[in-house]
Protein chains: 2
Amino acid sequence: MNARSGLPPEVEPVASVLAEIPLFRVLGADGIRSTARAGVARRYRSGQIIFHQGDPGESLFVLLDGLVKVVFTTEHGDEIVLNMLGRGDTFGEMALLDGSPRSASIVTVRPAWVFALPRARLLELMREHPGLADEFLRMLGHMVRRLTDQAADLAFLDLGGRLAKLLLQLADKHGQADGVVDLPGLTQSDLAALIGASRPAVNRALQSLVSRNLISVQGRTITLLDVAALRKRGGL
Amino acid sequence: MNARSGLPPEVEPVASVLAEIPLFRVLGADGIRSTARAGVARRYRSGQIIFHQGDPGESLFVLLDGLVKVVFTTEHGDEIVLNMLGRGDTFGEMALLDGSPRSASIVTVRPAWVFALPRARLLELMREHPGLADEFLRMLGHMVRRLTDQAADLAFLDLGGRLAKLLLQLADKHGQADGVVDLPGLTQSDLAALIGASRPAVNRALQSLVSRNLISVQGRTITLLDVAALRKRGGL
DNA sequence: TCGGGAATGTGACGCAGACCACACCTTCTC
DNA sequence: GAGAAGGTGTGGTCTGCGTCACATTCCCGA
């Protein structure tokens, strides 16, 4: 068995995380409580697959804690990492929209605590709280913008630029306040898959940033030393 | 003045095109009629800009006829063409979701006949016809999938593969039944911007496909001669 | 605590495709 | 119908980065 069942229902801790998420905040305290009861929370270890691209999808997931990557695999087995998700992020929205299969896989990078909300229950919630549907649309809009940017980056930025931009994004979203990006479990191969490059090339680009004092690397911890220069390198 | 006003309201012809579009079909004949009355139809010449990236966006657009490209421009002026849209396609959805500025520009490639539906009116329609909101979500899902594919293609396919795949898509969406892709106004520069490549490189890739008898080119008309081989080249 | 498999750092090689430059040919415009 | 403007076909050069190959170091699990 890969995952422990969420029973007994840890309603309160789940609800308290949901309350932090803008998407669910519109539901109010009561709505959040009943939402927490309507789904199941599970824990996963590092490197586990929460769902596979191609699976039927009948739930929306909320990452209550941990770190996961969204992996898109081509027919030939090549992988691109579309996004890294952290506490409070949701995934699995896509398959809910049109009932189509999962468009990507979700793999835990660090131990994760995940809440699954069945599609039917989500639709009910949307009907009761029109604000939730609005938030959902907003989120999709954000997703479309991100993907558009990613495509433009692949087309126009060189590897070093994409890496610089990625490090800034990771620091912003998952890093500590002082520009330290410490993501245990996130390998250089993952970085490579995030920017569509080979692993050796990423290594060299990292070294190059180190040699110019834009970042420092100790083990798997990366510290951003010169944010301004990194932004410039990333075309911002 | 770039565009002629849509007055007098050509309600019937507009309604008859709207009736062809799955998104609006859920409204029924009456709903479509009243939708047609709620917006404005305009005509544009080739090469005109319907709206600019960064503009405020308060309308959903339906392309009643013609051909337009969706152009995303970076801060440095580099352009990538995100999509080619034809009769029955919609655009401008993004800015409606969250009221943010237009995320891309729309440029006519051929003369276009365009219907603009104000955001407020669309939201009303969605309230009256929940099916419309469902269709809308479905459409967004499709958009996300397309962008994901585009990112994966940029990361994994070489220029020739991306071009082959693009030609298949264009033939499928805008071409004639016999594999003839005749898109007046669509230049090799446009093709290049669609696949994130330089114009000379696209030219050479086209020549290469011609020399292998996968396509033939006469002027601006491209005929797909060997769809199976093209699919293979495009990684399908 | 130790062993082994994974992750990291580097070197060498080759080539796809960007960039520049220019000649030819079409297609609008007046 | 002539000129201008833009699109197309090709050549040459250069470099970023993929690929293969390997040594070194790290880290997790027994």
Side-chain angles (χ1 to χ4, degrees), chain A residues 45-48 69 74 76-81 107-111 153-164 166 182-211 215-222 233 235, chain B residues 45-48 69 74 76-81 107-111 153-164 166 182-211 215-222 233 235:
Chain A
R45 306 169 151 272
S46 265
Q48 289 191 294
K69 54 182 176 180
T74 69
H76 307 303
D78 296 319
E79 295 189 346
I80 184 173
V81 175
V107 182
T108 55
V109 168
R110 271 190 283 171
D153 291 347
L154 280 166
F156 298 123
L157 259 51
D158 66 1
L159 191 154
R162 301 203 299 278
L163 181 62
L166 172 66
D182 185 13
L183 297 177
L186 192 74
T187 67
Q188 292 184 359
S189 298
D190 289 325
L191 295 179
L194 272 160
I195 59 177
S198 71
R199 201 271 312 161
V202 165
N203 185 302
R204 274 185 258 262
L206 280 172
Q207 301 308 326
S208 158
L209 293 176
V210 169
S211 74
I215 63 171
S216 74
V217 179
Q218 299 117 39
R220 216 159 272 174
T221 302
I222 297 170
R233 188 72 241 278
Chain B
R45 306 169 150 272
S46 266
Q48 289 191 294
K69 54 183 175 181
T74 69
H76 306 304
D78 297 319
E79 296 188 346
I80 184 172
V81 175
V107 182
T108 54
V109 168
R110 271 190 282 171
D153 290 347
L154 280 166
F156 298 123
L157 259 51
D158 67 1
L159 191 154
R162 301 203 300 277
L163 181 62
L166 172 66
D182 184 13
L183 297 177
L186 191 74
T187 67
Q188 292 185 357
S189 298
D190 289 325
L191 295 179
L194 273 160
I195 61 177
S198 70
R199 203 269 313 160
V202 166
N203 184 306
R204 276 185 256 263
L206 280 172
Q207 303 307 327
S208 158
L209 293 177
V210 169
S211 73
I215 64 170
S216 74
V217 179
Q218 298 116 41
R220 218 158 273 175
T221 302
I222 298 169
R233 188 71 238 279

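Worth saying up front: this structure is predicted, and the values here are computed from it rather than measured. Reckoned from all heavy atoms, side chains included, excluding hydrogens, waters and symmetry mates.
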Q: Rounded off to whole Å, could you give me the CG-to-P distance for the B:Leu206 and D:dG9 pair?
A: 8 Å

Q. So which one's nearest nucleotide on DNA chain D is more toward 5', B:Leu186 or B:Arg204?
A. B:Leu186

Q: Please tell me which of the listed nucleotides, D:dG9, C:dT8, C:dA18, lies nearest to the side chain of B:Gln207?
A: D:dG9

Q.
I'd like to know if the side chain of B:Thr108 and the backbone of B:Pro111 have a donor-acceptor N/O pair within less than 3.5 Å.
A. no

Q: Considering non-hydrogen atoms only, spot the tightest contact between A:Ala193 and A:Ile80 and give its length.
A: O-CG1, 3.3 Å

Q: Of all the heavy-atom pairs spanning B:Val109 and B:Leu186, show the shortest one and how long it is.
A: CG1-N, 3.8 Å

Q) Rounded to the nearest 0.5 Å, what separation is found between the CG atom of A:Leu157 and the CG atom of A:Leu166? A) 11.5 Å

Q | side chain to side chain donor-acceptor pair (under 3.5 Å) involving B:Asp182 - partner list, sequence neighbours excluded | A | B:Thr221

(Q) Rounded to whole Å, how long is the line connecting atom CZ of A:Phe156 with atom C1' of C:dG17? (A) 15 Å

Q) In whole angstrom, what separates B:Leu183's CG from C:dT27's C1'? A) 17 Å

Q | Non-hydrogen atoms of B:Gly160 and B:Arg233 that approach each other most closely | A | CA-NH1, 3.3 Å

Q. How long is the gap from CG on B:Leu191 to CG on B:Leu206, to the nearest 0.5 Å?
A. 6.5 Å

Q.
Within the 4.0 Å limit for protein heavy atoms, which parts of nucleotides 21-30 of chain D are touched? Write it as a string from 5' to 3', B for base, S for sugar-phosphate only, - for none.
A. ----------

Q) Does anything in residues 187-197 of chain A reach DNA chain C, meaning a heavy atom under 4.0 Å, and if so which residues? A) A:Thr187, A:Gln188

**Q.** Gap between atoms CG and P, on A:Leu163 and C:dT8 respectively (whole Å)
**A.** 13 Å

**Q.** Nearest-Å distance for atom pair CG/C1', residues A:Leu154 and D:dC17
**A.** 14 Å

Under 3.5 Å, which donor-acceptor pairs do the side chains of residues 196-205 of chain B form with other protein atoms, sequence neighbours left out?
| from | atom 1 | to | atom 2 | distance (Å) |
| --- | --- | --- | --- | --- |
| B:Ser198 | OG | B:Ala201 | N | 3.4 |
| B:Asn203 | OD1 | B:Gln207 | NE2 | 3.3 |
| B:Asn203 | ND2 | B:Gln188 | OE1 | 3.1 |

(Q) Using C1' atoms of five pairs at each end, report the bend of the helix from C:dT1-D:dA30 to C:dC30-D:dG1 rounded to 10 degrees. (A) 60°

Q) Atom CG of B:Asp158 and atom C1' of D:dC17: how far apart are they, to the nearest Å? A) 14 Å

Q) Quick one: A:Ile222 CD1 to C:dA7 P, roughly how many Å, whole number? A) 15 Å

**Q.** Residue pair A:Asp190 / A:Val81: nearest heavy atoms and the distance that separates them
**A.** O-CG2, 4.4 Å

**Q.** B:Ile215 side, atom CD1; B:Leu209 side, atom CG - distance, nearest 0.5 Å
**A.** 4.5 Å

(Q) When you measure from the side-chain N and O atoms of B:Asn203 to the phosphate of D:dG9, is any distance below 4.0 Å, counting only OP1 and OP2? (A) yes

Q | Which residues share a side chain to side chain donor-acceptor pair (under 3.5 Å) with A:Arg162, sequence neighbours left out | A | none

Q. Could you state the CG-P distance from A:Leu209 to C:dG9, rounded to the nearest angstrom?
A. 13 Å

